[in-house]
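First up is the structure itself, then whatever we jot down about it.
Atom set for the values below is all heavy atoms of this structure, side chains included, hydrogens, waters and symmetry mates excluded. Naming: A, B, ... by sequence-line order, numbering from 1 per chain.
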Protein chains: 2
Amino acid sequence: MIDIAFFEGLLREKQYKMTVQRKTVLEIFVDFSERHLSAEDVYGILRERASGIGLATVYRTLELLAELELLEKLDLGDGRNRYEMKPLKRSVRHHHLICMSCGKIREVDSAAIQRALNAIEHESGYSIIDHQVKLYGYCHECRK
Amino acid sequence: MIDIAFFEGLLREKQYKMTVQRKTVLEIFVDFSERHLSAEDVYGILRERASGIGLATVYRTLELLAELELLEKLDLGDGRNRYEMKPLKRSVRHHHLICMSCGKIREVDSAAIQRALNAIEHESGYSIIDHQVKLYGYCHECRK
DNA sequence: CTTAGTGCAAAACCTTTGCAACTCT
DNA sequence: AGAGTTGCAAAGGTTTTGCACTAAG
């Protein structure tokens, strides 16, 4: 998936150093690629693995990995930042459907949203770099 | 705009009381209807007016006004909640274009986005109650 | 060796809460 | 009178920062 040599290359470009801590945190995101992990989540997993990595390092590493575009920072509205692996190329960004009852997060792709956003970019005169679309509602199971 | 009798009606429905504090906070949103105010912003304005209203009351009032659907709670990604007046009826929700350089926030309506979201609701089996669309980029002035 | 990175604890923020005093209805 | 409301200060939760120590290039 993410190979270490590629990661080292990204780091070297900006004079950053490869450390065990950084490698370990990135590996967690590979192992839990389907989840949206907060700093505290990552720290919890690290403690289970008795890694000795501190919480401050987790925060600093997450910020770094997002800057390198290996992770994507998400704000899912629960008062803490979350991160997920960022696929290297994806033509259509995916969005998050959040169940207000059970908290489950489902991802959706939508070419239609993408088109609507492109239209706004055109009309508004802004150049749009990034966007976040969050949909809140009730999932199938919680709806009865 | 918002008339006080209407506000009192909403309060009475849920056994809430009309207080000077609540009236004052709501008036601020009428006065600054074009802005997206945080709790601290509101508190600052109140202090200028030497109102004696405490910060905790501001937080409680903002939450109350959002519950009554007079205000809308926004998460614009700057680490604090913001609020804006919620128009009584608007068929198409508006979204926020945030300039990453000067911080300016522009609002956009988009029927196309609305349609895309309706389609997702249909396909996903979720019932969508609310949504937030945030677009980050550079505004016309900051683009040269 | 030199510079960047780490861990810890403390600090910084934003927001919520406990409680006695107060104020609408 | 009685229930809801307020202000203050304290506590909570997440994220950042200062600093001495350690490790990577």
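Nearest-nucleotide positions on DNA chain D for A:G79 and B:G54 put B:G54 closer to the 5' end. Summary of the strand contacts: A:A56 and B:L55 both lie near DNA chain C, and taking for each the nucleotide with the nearest heavy atom, the more 5' one is attributed to A:A56.
Taking the six-membered ring for Trp and thresholds of 30 and 60 degrees, A:H36 and A:H96 have ring planes more than 60 degrees apart, a perpendicular arrangement. Between B:F29 and B:Y83, the ring planes lie perpendicular to each other; the angle is over 60°, past the 30° to 60° tilted range.
Between B:Y59 and the phosphate of C:dT15, there is a side-chain N or O to OP1/OP2 separation shorter than 4.0 Å. Applying the 4.0 Å criterion to OP1 and OP2 of C:dT15, one finds that B:N81 has a side-chain N or O inside that range.
No N or O donor and acceptor, one from the side chain of B:R60 and one from the base of D:dG4, sit under 3.5 Å apart.
Looking at B:K23, its side chain never comes within 3.5 Å of a backbone N or O of B:I4 through a donor-acceptor pair. Formation of a donor-acceptor pair under 3.5 Å by the A:R106 side chain with backbone atoms of B:S124 is found in this model.
Side-chain contact between A:F7 and A:L70: present, with at least one pair of heavy atoms (C-beta onward) separated by less than 4.5 Å.
By the 4.0 Å N-to-carboxylate-O rule, A:R80 lies too far from A:D41 to be salt-bridged with it.
Checked against D:dT16, D:dG7, C:dC14, the side chain of B:T57 finds its nearest nucleotide in D:dG7.
Counting heavy-atom neighbours within 6.0 Å of B:R47 CZ, excluding the residue itself, gives a total of 12 or less. A:E8 CD: more than 12 foreign heavy atoms inside a 6.0 Å radius.
When the C1' atoms of four end pairs are superposed on the next four at each end of the helix from C:dC1-D:dG25 to C:dT25-D:dA1, using five pairs per end, the two resulting axes differ in direction by 30°, to 10°.
Near-neighbour residues of DNA chain D inside residues 12-24 of chain B, defined by a heavy atom below 4.0 Å, number-ordered: B:Q15, B:Y16, B:K17, B:T19, B:Q21, B:R22.
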